[in-house]
Each structure stands twice: as C-alpha cells, then as structure tokens.
Amino acid sequence: MTSDDDVATGHRPTGRAKGTLTSRETDFPQWYQEVISAAELADNGPVRGTMVIRPWGYAIWELLQAELDRRIKDAGAENAYFPLFIPESFLRLEADHVEGFSPELAVVTHGGGRLLEEPVVVRPTSETIINHSFAKWIQSHRDLPMIINQWANVVRWELRPRLFLRTTEFLWQEGHTVHASQEEAREFALCILRNVYIETMSEVAGIPVLAGHKTARERFAGAVQTWTCEGMMGDGKALQMGTSHELGQNFSRAFGIQYADDGGQLQYPWQTSWGVSTRLIGALVMAHGDDFGLRLPPALAPVEVVVMAVRDDAEVIRVAESLLSDLRAAGRRVRLDDRTDSGFGRRSVGWELKGVPVRLEVGPRDLGEGNVTVVVRHQRKKVQVRLAEAVAVVDEVLGRVTAELREEAVGFRDRRTVEVGGPRAAADVASTGFALVPWSDLGEEGERELADAGCTVRCLRRPDGGLAEASDAPDSLVAVVGRAY
RNA sequence: CGGGCUGUGGCGCAGCUUGGUUAGCGCGCUUGACUGGGGGUCAAGAGGUCCCGGGUUCAAAUCCCGGCAGCCCGACCA
C-alpha cells in the first residue's frame with residue numbers, strides 16, 4: 001500500500017443536504033427510510049403495511065436464508081411447506097394462542113364468489129396447521145423427534161408499519177419440533193438459539209446480540225418459555241431479532257398429538273417453535289449503517305467487490321475485466337461497473353449507499369503508475385495498491401470487515417449499557433440504550449411501571465450474561481431493559 | 001372511537017386567502033454537447049383526469065356541499 005487517505009469529502013455532517021441522506025443524528029427514523037429507498041432495498045406496497053422487496057434487498061435475504069438454512073439443517077431439520085390458509089377453528093384450539101393473535105388476523109370470508117361457511121385465516125404463524133399434520137404423522141416414539149422447518153410468508157395486520165421491522169406481510173422461517181421429553185425440547189430450543197440464531201447474527205451479520213428469556217408479559221402466545229436475541233440499533237433502541245419457544249405440551253394437548261412410548265403408554269410430546277424474519281434486514285441497516293448508507297458484511301453482500309472503470313478507455317476496461325475474472329476465480333461475488341457515461345461520483349455514491357464492502361477503482365492515473373485504488377466501505381478509506389497485489393488486498397480487507405463491524409457495534413452497545421437499581425433509573429437509561437436491573441428490584445410491578453414509561457424488559461439473564469437454567473431462582477436474574485422497535 | 005391535517009407530472013412541493021390567458025418549481029427521466037478520480041455544467045425535450053361527484057359562476061386547482069383515500073396526535077390493543 002502506497003497511500004492512505006480518508007475520502008470523506010464534501011459531505012455535510014448534519015442536517016439534510018442536496019442529494020445526501022439525512023444524518024442519523026438529526027433524525028434516525030428519517031435516515032432509516034431514506035437508506036432503504038436510496039439503497040433500493042424496498043418500497044411500500046399499495047396496501048398499507050405491505051412491502052415490495054427490491055432485487056438488492058431480496059439478494060441480501062437470499063444470502064441470509066442460505067446461511068440460516070444450512071445451520072437449521074445441521075441442527076437436524078427438514079424443510080416442508082404448509083398451507084397459507086388455516087381454518088379459523090384451528091386458532092381457537094389453543095386459548096392463549098388465539099387470544100394473542102386475534103387482533104392482527106387477516107380473515108378471508110369469501111371464496112369463489114360466495115360467502116364461506118367457515119372463514120379461513122391467513123397464517124399469522126403456523127403452529128396450528130402444522131400440529132394438525134403432526135397429529136396424523138406421529139404415532140410412536142420411533143417417530144420422534146420430528147423436526148420440521150418451513151420458509152414462508154405470514155400476515156399480521158399492522159397499524160404502525162415500518163419497512164422490514166413491522167410489516168403486515170413478511171417473510172420468515174418457522175421451525176416446529178416434537179420431542180419425547182421436556183428436557184430434549186428445551187435443549188433443542190436452546191440449540192437453535194445458539195447454533196443458528198446467535199451464530200448467524202454475530203458471525204455472519206456481525207451484529208452482537210444479548211440472549212435471554214422473555215418475561216411472562218412478553219412471552220409468545222401459547223409458549224411456556226420464549227428465548228430471544230436482542231440487538232441494539234444505531235439509535236440505542238432494542239430490536240428483537242429472533243425467538244425460540246418452548247411450547248410445553250400446550251399444542252400437543254390441544255391438537256391431540258400422542259405417541260406410544262416404549263412401554264406402550266400413550267404420551268403427549270413436548271414441542272418447540274422458532275423463527276427469524278426479514279426483520280433481520282432492518283437490523284442490518286440499523287446496526288451497521290452510517291450517514292453514507294448501508295455497510296454490509298461480505299457474507300450478506302449481494303456484491304462483495306465492485307470493479308469500477310473510471311473512464312471509457314481500452315486499457316482501463318481491459319484491466320477492469322481482468323480483475324473481475326481474477327476475483328471471480330477467487331470465489332468472490334463481483335460486479336463490473338463500466339457505466340462510464342454516468343458520472344463517477346454518482347456511481348461511487350450509489351455503491352456506497354448500497355453498502356458494497358469494497359470498490360476497486362481502475363483509472364488511467366492509477367494504471368500509469370501500475371496501481372489500482374481500493375476503497376474500503378466500512379471505514380471509508382482509499383488505498384492505492386500495486387495491480388498485482390489487488391486481489392490479495394481485497395481478500396485481506398474482506399476477511400476483516402465483519403469482525404470490525406461487530407467490534408464497532410459491541411463498543412457502541414457497551415457504552416450505552418448501564419447497571420441500575422430500579423424501574424425509574426432503568427427507564428431513564430433506556431432512553432439512550434440498555435439498562436441492566438436486578439429482576440428482584442423490578443418484578444411484575446416494576447415491569448408495568450416501565451411500560452408506562454415506554455420501555456420493556458427485553459430479556460432476563462444471569463448476572464454474567466449467560467442463559468438461565470430452570471434451576472435458577474428468578475430473583476437471581478438480571479433484566480435487560482430498553483425501548484423496543 | 002375522538003381531534004387535527006393533506007390529496008396538483010414518477011417523487012417532493014408551490015399556487016388556493018383575493019376565481020381570470022399557456023398550472024409552476026426542485027429532484028428524477030429522454031436527447032445532445034462539453035466534461036470526467038465523489039451525486040459536474042450547459043442546451044433542448046417528454047410527462048398533468050389539479051382525488052372523486054355535485055353545486056355557484058361568463059369562468060373553478062382556487063369558492064360551497066357531499067364522498068373517498070392517506071397522514072399525524074390521543075385512546076385502545078400487545
């Protein structure tokens with residue numbers, strides 16, 4: 001590397017300026033909307049609360065899907081698909097479940113031009129319809145464990161929609177499992193939490209998460225225990241990024257799932273369910289984005305390296321194409337930007353907004369010296385390197401992006417996390433970040449007080465940050481309190 | 001459910017108070033030239049049921065009535 005210059009030129013640190021994003025500090029929600037639009041991630045759909053996921057956003061989702069799917073299958077799951085439409089009566093079979101979801105159901109009352117005898121609901125989640133199948137499939141202890149995952153869309157009617165974070169229809173993965181024992185079910189729920197969710201969020205997306213279990217108030221409708229991953233976004237607010245539930249025997253009793261154990265006795269099995277959604281794309285935007293746009297970890301970047309031809313020049317194009325094929329041969333997702341009829345600044349800004357981790361600028365000036373320019377998105381640094389070293393440098397840079405994004409996010413989160421002693425202090429701290437409060441200082445009454453102040457217990461953990469065991473006394477745990485999306 | 005606000009080219013807005021030729025502006029788009037290492041400059045263009053229906057008037061984006069849609073705040077829900 002022969003030089004090392006910051007490229008932060010010509011931007012305004014605050015406020016709105018022509019052609020740039022509103023700064024995160026000025027108005028975070030406004031910035032969020034602008035990034036999603038400018039990076040071409042998504043548009044609003046014509047029906048309120050619906051979302052058009054554009055190619056760049058969908059490509060991110062496909063990469064995330066692939067990472068998750070591989071880990072889910074490693075955990076022993078098989079993929080399947082269940083219907084979008086569920087008989088309304090199914091929802092009513094589990095009391096807490098129906099009570100939890102009723103307000104947000106979309107219900108189809110007409111079909112084929114006539115009133116339906118029994119309305120069907122558009123799935124808000126698939127516990128009921130999948131358990132209907134489980135009841136038919138499971139007879140013997142030899143059928144267990146049953147571990148099924150589905151990739152699907154679900155609908156929960158939302159009154160306050162936000163792209164990716166809270167939309168009426170969204171895409172997700174939902175896993176549903178059946179086990180012979182409570183311990184095995186619990187272990188499995190935790191295995192998904194750790195080996196699939198936390199690992200993907202931290203190692204692949206570079207987003208650190210706090211994990212723990214929900215209070216009774218925040219628990220999934222129908223679950224006996226809900227485990228969660230909570231991330232801190234760039235404005236200090238909490239985002240629930242994934243949940244894994246122990247369902248106990250609630251659904252197996254409601255749907256009559258029974259198996260004969262090895263002694264021939266009929267038993268109700270123990271279940272789990274778990275899911276993450278396109279909301280994770282919102283997390284990616286809010287956890288890593290800066291005032292210049294998205295910053296993507298390479299594993300989730302539809303394009304890891306863009307090779308930009310600065311000029312329409314035969315030698316420039318030749319070198320750019322040669323770098324392109326070298327990088328491709330090295331297994332990188334790479335794209336050539338040779339739209340030299342469009343301004344260089346416009347193109348640079350465009351790739352920056354989209355969060356492409358590395359740009360390789362190939363121009364006559366560099367080539368004259370046998371160099372190319374490497375631009376590192378997450379640090380906004382430009383360095384000139386020898387042409388022959390370019391692929392190796394790109395490789396080195398891409399190799400450290402995710403860890404550096406994660407370190408930055410960890411530092412930010414830790415600076416905004418404070419230990420306090422009661423609900424009032426917790427609410428205060430939660431206005432900018434997370435408060436850690438002993439559950440014994442809070443309790444359900446303190447939890448209500450927090451709700452009045454606009455914040456919630458995101459999860460409960462051991463004082464050392466570990467997950468609680470069943471044997472842990474509730475009063476020995478610590479609550480993570482924050483304002484939530 | 002209560003209160004407030006807004007509907008005008010693809011997007012964001014002005015015009016409405018005080019009715020009057022051809023409804024403007026920014027961004028985006030098209031074409032061309034000059035440019036070119038961070039949203040460049042200039043020129044020429046395309047693009048409109050002014051939300052819908054009715055009324056007043058010689059004349060309505062503008063005034064009146066009704067409807068529809070959306071947004072914000074509050075309440076409710078979680």
Side-chain angles (χ1 to χ4, degrees), chain A residues 2-3 5-12 16-22 29-30 33-34 36-40 43-50 52 96-105 124-125 156-162 166 214-223 226 240 243 291-293 306-313 315-316 319-320 337-354 356 359-369 371-377 380-385 444 447-448 450-452 454-458 483-485:
Chain A
T2 57
S3 77
D5 301 308
D6 196 286
V7 287
T9 50
H11 84 279
R12 295 78 180 165
R16 177 190 264 280
K18 180 184 167 188
T20 66
L21 300 171
T22 296
Q30 179 67 24
Q33 285 190 301
E34 288 177 16
I36 285 175
S37 162
E40 299 177 350
D43 287 339
N44 281 306
V47 172
R48 181 178 159 75
T50 60
V52 177
D96 290 336
H97 195 63
V98 68
E99 192 186 328
F101 281 106
S102 287
E104 41 194 350
L105 290 181
T125 179
R156 299 175 185 179
W157 214 259
E158 286 293 347
L159 299 178
R160 300 217 184 284
R162 296 251 262 150
R166 187 173 287 270
K214 290 290 189 185
T215 62
R217 186 189 173 92
E218 299 286 327
R219 200 177 283 153
F220 175 71
T226 290
Q240 177 176 301
T243 48
D291 284 353
F292 302 91
V306 60
V307 180
M308 293 182 68
V310 173
R311 299 287 169 71
D312 185 14
D313 168 273
E315 179 64 3
V316 165
V319 172
D337 180 357
D338 59 356
R339 298 123 73 210
T340 47
D341 52 338
S342 180
F344 175 79
R346 171 173 298 269
R347 293 188 288 146
S348 301
V349 167
W351 292 119
E352 194 161 58
L353 284 165
K354 283 180 144 64
V356 172
R359 299 202 302 281
L360 264 186
E361 299 176 358
V362 182
R365 209 156 74 200
D366 282 334
L367 287 188
E369 301 164 0
N371 292 333
V372 293
T373 300
V374 177
V375 191
V376 182
R377 170 64 184 92
R380 301 192 81 247
K381 295 273 185 175
K382 279 191 183 185
V383 295
Q384 284 178 296
V385 303
E444 296 192 356
E447 203 180 359
R448 267 194 300 279
L450 288 173
D452 292 338
C455 43
T456 47
V457 175
R458 304 315 305 153
R483 301 176 71 88
Y485 272 99

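Each chain gets a letter, A, B and so on, in the order its sequence line appears, and its residues count up from 1. Computed from a predicted model, the values in this text were never measured in an experiment.
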Next on the checklist: For a side chain to side chain donor-acceptor pair (under 3.5 Å) check, start with the C-alpha distance between A/Gln30 and A/Thr22, then their side-chain angles and the critical distance, and finish with the verdict.
Outcome noted: CA-CA 7 Å; A/Gln30 179 67 24; A/Thr22 296; 4.6 Å; no
Checklist entry - Of the nucleotides B/G37, B/G39, B/C73, which one has an atom closest to the side chain of A/Glu361? => result B/G37
Item to check | Interatomic distance at C1', B/C50 relative to B/C42, whole Å | outcome: 32 Å
Next on the checklist: Under 4.0 Å, counting only non-hydrogen atoms across every strand here, what does A/Ser37 touch: a base, just sugar-phosphate, or nothing?
Outcome noted: nothing
Checklist entry - Is A/Arg346 near enough to B/G28 that one of its side-chain N or O atoms lies under 4.0 angstrom from OP1 or OP2? => result yes
Next on the checklist: Measure CD/A/Glu99 against P/B/A78 and give the value in whole Å, please.
Outcome noted: 7 Å
Checklist entry - Side chains of A/Val383 and A/Thr373: does their closest heavy-atom pair fall under 4.5 Å? => result no
Item to check | Any donor-acceptor N/O pair, A/Arg347 side chain to A/Asp337 backbone, under 3.5 Å | outcome: yes
Checklist entry - Of the nucleotides B/G38, B/A75, B/G37, which one has an atom closest to the side chain of A/Val310? => result B/G37
Item to check | Inter-nucleotide P distance (B/G3, B/U41), Å rounded | outcome: 50 Å
Checklist entry - For the pair made of CZ in A/Arg483 and P in B/A78, what is the distance, rounded to whole Å? => result 20 Å
Next on the checklist: Starting the side chain at C-beta, find the nucleotide from B/C73, B/G39, B/G37 nearest to A/Val349.
Outcome noted: B/G39
Item to check | Interatomic distance, A/Leu360 CG vs B/G38 P [rounded to whole Å] | outcome: 17 Å
Next on the checklist: With hydrogens left out and only the distance checked, is there a donor-acceptor pair under 3.5 Å joining A/Arg347's side chain and the base of B/G37?
Outcome noted: no
Item to check | Check: A/Glu218 and A/Arg458 side chains under 4.5 Å, non-hydrogen atoms | outcome: yes
Checklist outcome for this item: Of B/G37, B/C77, B/G38, the nucleotide closest to the side chain of A/Pro103 is B/C77
Checklist entry - In whole angstroms, how far is the C1' atom of B/C27 from the CD atom of A/Glu34? => result 13 Å
Checklist entry - How is A/Gly363 classified with respect to the nucleic acid when contacts are heavy atoms under 4.0 Å: base, sugar-phosphate, or nothing? => result base
Item to check | Distance between P atoms of B/C16 and B/C64 (Å, rounded) | outcome: 14 Å
Checklist outcome for this item: Separation of B/A78 atom C1' from A/His97 atom NE2, nearest Å, is 15 Å
Next on the checklist: A side-chain contact here means heavy atoms from C-beta on lying under 4.5 Å apart; do A/Val316 and A/Val310 qualify?
Outcome noted: no
Checklist entry - Using atom C1' of each nucleotide, how far apart are B/A14 and B/U57 to the nearest Å? => result 26 Å
Item to check | Between B/G38 (P) and A/Leu21 (CG): distance, integer Å | outcome: 19 Å
Next on the checklist: For A/Glu315, I'd like to know if atom CD has over 12 heavy atoms of other residues, nucleotides or ligands within 6.0 Å.
Outcome noted: yes
Checklist entry - With distance as the sole criterion, do the side chain of A/Thr373 and the base of B/G37 form a donor-acceptor contact below 3.5 Å? => result yes
Checklist entry - Is it true that a side-chain atom of A/Ser37 and a backbone atom of A/Gln33 form a donor plus acceptor pair closer than 3.5 Å? => result no
Checklist outcome for this item: On RNA chain B, more 5' by nearest nucleotide between A/Gly345 and A/Arg217 is A/Gly345
Checklist outcome for this item: Any stem touching RNA chain B, meaning at least three consecutive Watson-Crick or G-U pairs under 3.5 Å, ordered by first number, would be B:1-7 with B:68-74, B:10-13 with B:24-27, B:29-34 with B:40-45, B:51-55 with B:63-67
Next on the checklist: Say we look at B/G36 and B/G20: how far apart would their P atoms be, to the nearest angstrom?
Outcome noted: 48 Å
Next on the checklist: For the P atoms, the ones on B/C11 and on B/C73, what distance do you get once it is rounded to whole angstrom?
Outcome noted: 23 Å
Item to check | N/O donor-acceptor pair under 3.5 Å between A/Thr226 side chain and A/Lys214 backbone | outcome: no
Checklist entry - In whole Å, what separates the C1' atom of B/U31 from that of B/A69? => result 38 Å
Next on the checklist: Taking the cut-offs as 6.0 angstrom to the six-membered ring centre and 45 degrees off its axis, would you call A/Arg380 and A/Phe292 a cation-pi pair?
Outcome noted: yes
Next on the checklist: Work out how far the P atom of B/G47 is from that of B/C65, and round it to whole angstrom.
Outcome noted: 37 Å
Next on the checklist: I want to verify a distance call: between B/G37, B/G39, B/G38, whose nearest atom is closest to the A/Asp366 side chain?
Outcome noted: B/G37
Item to check | Minimum-distance nucleotide to A/Pro364 side chain [options: B/G37, B/C73, B/G38] | outcome: B/G37
Checklist outcome for this item: Here the distance between atom P of B/G39 and atom CE of A/Met308, to the nearest Å, is 12 Å
Checklist entry - B/C77 C1' sits how many Å from A/Phe101 CZ, rounded? => result 14 Å
Checklist outcome for this item: Taking for A/Ala451 and for A/Val372 the nucleotide of RNA chain B with the nearest heavy atom, the one nearer the 5' end belongs to A/Val372
